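Bear in mind the structure is a predicted one, so any value in this text is a computation, not a measurement.
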Amino acid sequence: MTRARLLQLTVKRFKSFEDRTKISFSPLTVILGRNNSGKSSLIQSLLLLKQTLAEPRPEVSLHLDGPVAAFNLRELTWGWPDAGDQVEGPSFGLRWSCEVDISDAIDQARHPDTDNLVSQTDLGEMRDIVEGTSIQRLVTELWFDTREDAGTTVLTEIQLLSPRLRTKQPLFKLSYSNGRWRCRWGGQTATKINVELDHFIPYLQLDRRSVGPRDRQRAWHNAYLILFAQPLEALKQLLSDFQYLGSTRSVPPSLYKSSNVAPQEIGASGEMAAQLLHRRQRDVVHYLPPLHVTDSKATIPKTVIEQPLVDAVNGVLSDLSIRDRLSLEDIHEVGFRLLFGSASLLHVGRGLTYLLPLVELGLLADPLRFECLQDSLNPRDFRKKCRSFAHVAAEEPEAHLHPKIQSRLAHWMVSLAMTNRRLIIETHSDHMVRRLRGLVARAGADSELEKWLLKNVSILEVEQDEEGRSSVKSSRLTADGGIGQRWPADFMDEASQEDSAIYYAKLDKTSPDRAANPNVSFIEDDEPESDKAP
């Protein structure tokens, strides 16, 4: 049960998304759109699920306090519906893949008879799974609907699907009514299968003493153990480990208090980045340096580097054209300072306070962080060693950064995505997106880099109509540096329009009449407005 990857997210009635909206994720997913179009809502849906799983009370269906905060479910529901006894809330769908230990699943099911399993479930593909290899990659889908019931958020229906079985209908449909959950398999009620919930993650229980070994409900439960038990645990871990960095930062202090325990994450605003760096500065991380890019060529670095965290931070910052080195200065029994050169972080400008947490985020998303490999690996061999994928989202990573650094962020993000970090980037940066286009244009025809970029970078454009409904359109890069199916509206045309205006203005100002009088000068009018003659 490893290497889980989030493949798709579907939302309905969530904030500005009224209709069912499905987005597919790539290793590098870039979200574009106007302000207030709904871009952040896509990331917030995942954050809402993450903060819910962190809530210790499993009966809480959706936890509305955290990075995504709301007074009630209606605040997160399309149209802000009026209060009532029952208000239909958002729906969510997740598709993911993971490796499943089929042998272990069959052990959990106590080695059911394959013929009986296939017959009772009416799923011929189950034989291929049960009799196939021990480790298999399965794709799984979870869908659930919510409702506000007298001010309380509740789940109303949960569906489990397995696309491997080529059936459009959910295998399990769980519905809540009259104070209890009921389980149905393919339209038939499973009276002996009980439902327990860990927030929105369902667990199906069966008292095997009450059913015979060839009972059809036992076969249904065995199918749950084989198809869904491990993937649901993988999804829970995937969402719990989901990392996020928002677009705002707090003003850094001149002096930091040392943390007794290393934080688990840098925080939604990067507020724990300094403490985490201080506590983990000598622990190793692994990263592929940003792509090597010249005017005419872009290439993939050959080696994944293993370095202590603080050295890795400096290495990446240098590649992003930051000259001063970062260091940590301990002050005995008081705390520590973060220095760039001889200046504290407070005095080096807002750009670095935004950039440092972003660089740390990418490094700490290393699936093999703090694990000494003691060997240089090429990117392919590194990926083989990774037992998982890290899922990372960042909003407006370009904030307060020079255009050159914005462009080079594209080099860094591609390298991260090549080493088992799956990135979701919400951005307004023309420079960063242009550089992604420039990378594929520079890459050699049929080169490894060109193939990777064409396959693994997706561009999502979020639009909102006049009534406030958001929708998403997806595109890919093209080999000549374009964007395929859909050119983002009002995004990269501003610079082009300005270039055209400057070009034609230059033609006008170098017209033959003007060229014939090169000594035309302008007399400056210093006379105060009030003193001019009427």
Side-chain angles (χ1 to χ4, degrees), residues 23-34 39 42-43 245 247 287-301 316 319-321 355 358-359 361-362 365 379 391-399 401-462 472-496 499:
I23 64 171
S24 298
F25 294 111
S26 299
L28 177 53
T29 303
V30 181
I31 305 176
L32 310 177
R34 297 178 181 178
K39 303 186 303 301
L42 298 174
I43 296 176
L245 182 62
S247 59
Y287 69 99
L288 185 67
L291 300 180
H292 300 316
V293 180
T294 63
D295 289 341
S296 60
K297 188 176 181 182
T299 56
I300 304 170
V316 175
D319 287 330
L320 295 177
S321 75
L355 183 59
L358 183 66
V359 171
L361 180 69
H391 294 73
V392 177
E395 293 186 21
E396 299 180 36
E398 72 277 4
L401 296 181
H402 185 275
K404 181 177 181 180
I405 301 178
Q406 291 185 37
S407 296
R408 292 194 176 190
L409 280 180
H411 309 174
W412 171 230
M413 290 172 182
V414 170
S415 292
L416 288 174
M418 285 182 166
T419 48
N420 281 36
R421 284 89 153 173
R422 294 177 67 83
L423 306 182
I424 306 170
I425 305 298
E426 184 259 298
T427 182
H428 294 287
S429 176
D430 184 358
H431 302 286
M432 191 163 60
V433 176
R434 281 182 182 272
R435 181 52 58 91
L436 285 173
R437 296 169 54 209
L439 291 176
V440 71
R442 289 177 174 89
D446 295 323
S447 65
E448 180 184 359
L449 178 59
E450 184 193 68
K451 292 177 181 177
W452 191 96
L453 291 168
L454 297 179
K455 179 181 179 181
N456 295 295
V457 178
S458 62
I459 309 292
L460 304 181
E461 182 195 2
V462 183
V472 179
K473 295 180 173 64
S474 178
S475 296
R476 297 273 181 180
L477 299 173
T478 61
D480 60 356
I483 294 180
Q485 295 82 354
R486 172 86 178 184
W487 190 274
D490 296 332
F491 183 72
M492 289 177 288
D493 50 358
E494 289 297 319
S496 298
D499 286 342

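Looking at heavy atoms from C-beta onward, Arg408 lies out of side-chain contact with Pro290 at the 4.5 angstrom threshold. Side-chain contact between Leu28 and Leu436 is present, with at least one heavy-atom pair separated by less than 4.5 Å. At least one side-chain heavy atom of Leu409 sits less than 4.5 Å from a side-chain heavy atom of Leu355. A heavy-atom distance below 4.5 Å is not found between the side chains of Met418 and Pro379. Counting only heavy atoms from C-beta outward, the side chains of Asp319 and His411 never approach each other to under 4.5 Å. Counting only heavy atoms from C-beta outward, the side chains of Thr29 and Leu460 approach each other to under 4.5 Å. Between Ser474 and Ile459 there is no side-chain heavy-atom pair separated by less than 4.5 Å. Annotation: side chain of Val414 is not in contact with side chain of Ile300 (no heavy-atom distance under 4.5 Å).
Partners of Arg422 according to the side-chain hydrogen bond (donor to acceptor under 3.5 Å, both in side chains) rule, which considers only residues two or more places apart in sequence or in another chain, do not exist here. The side-chain hydrogen bond (donor to acceptor under 3.5 Å, both in side chains) test applied to Glu450 returns no partner, not counting sequence neighbours. Taking the side-chain hydrogen bond (donor to acceptor under 3.5 Å, both in side chains) definition, one finds that Ser26 meets it with Ser458, Arg476, sequence neighbours left out. Residues that satisfy the salt bridge (Lys or Arg N to Asp or Glu O under 4.0 Å) test with Glu426, not counting sequence neighbours, are Lys39. Ser407 is linked by a side-chain contact (heavy atoms from CB on, under 4.5 Å) to His431, Arg435, counting only residues two or more places apart in sequence or in another chain. Under the side-chain hydrogen bond (donor to acceptor under 3.5 Å, both in side chains) criterion, Arg421 pairs with Thr419, sequence neighbours left out.
Taken from OG in Ser447 to NZ in Lys297, the straight-line distance is 10.0 Å, to the nearest 0.5 Å. To the nearest 0.5 Å, the span separating CG on Leu291 from OG1 on Thr294 amounts to 11.5 Å. To the nearest 0.5 Å, atom CZ of residue Arg442 and atom CG of residue Leu449 are 11.0 Å apart. The line from CD1 of Ile31 to NE2 of His428 is 11.0 Å long, rounded to the nearest 0.5 Å. Within the model, atoms CG of Asn420 and NE2 of His391 stand 10.0 Å from one another, a figure rounded to the nearest 0.5 Å.
Considering every non-hydrogen atom in both Leu454 and Thr478, the closest pair reads CD2-C, 3.6 Å. Contact record, Ile425 with Met432: CG2-CE, 4.0 Å, taken as the closest heavy-atom pair. The two atoms that bring Gln406 and Leu401 nearest to each other are NE2-O, 2.9 Å, heavy atoms only. The two residues Leu320 and Trp412 come nearest to each other via the heavy atoms CD2-CB, 4.3 Å. Contact between Leu358 and Ala394 at its shortest, heavy atoms only, is CD1-CB, 4.2 Å. In terms of heavy-atom proximity, Ala410 sits nearest to Leu439 at O-CD1, 4.3 Å.
Partner of Val462 under the side-chain contact (heavy atoms from CB on, under 4.5 Å) criterion, out of Leu42, Ile23, Leu32: Leu42 alone. Of the candidates Val392, Leu361, Val30, Leu423 forms a side-chain contact (heavy atoms from CB on, under 4.5 Å) with just one, namely Val392.
Under 3.5 Å, the side chains of Ser475 and Glu461 contain no donor-acceptor pair of N or O atoms.
In this structure a side-chain-to-backbone donor-acceptor pair under 3.5 Å is present from Ser415 to Pro289. A donor-acceptor pair under 3.5 Å links the side-chain atoms of Arg437 to the main chain of Gly481, judged by distance alone.
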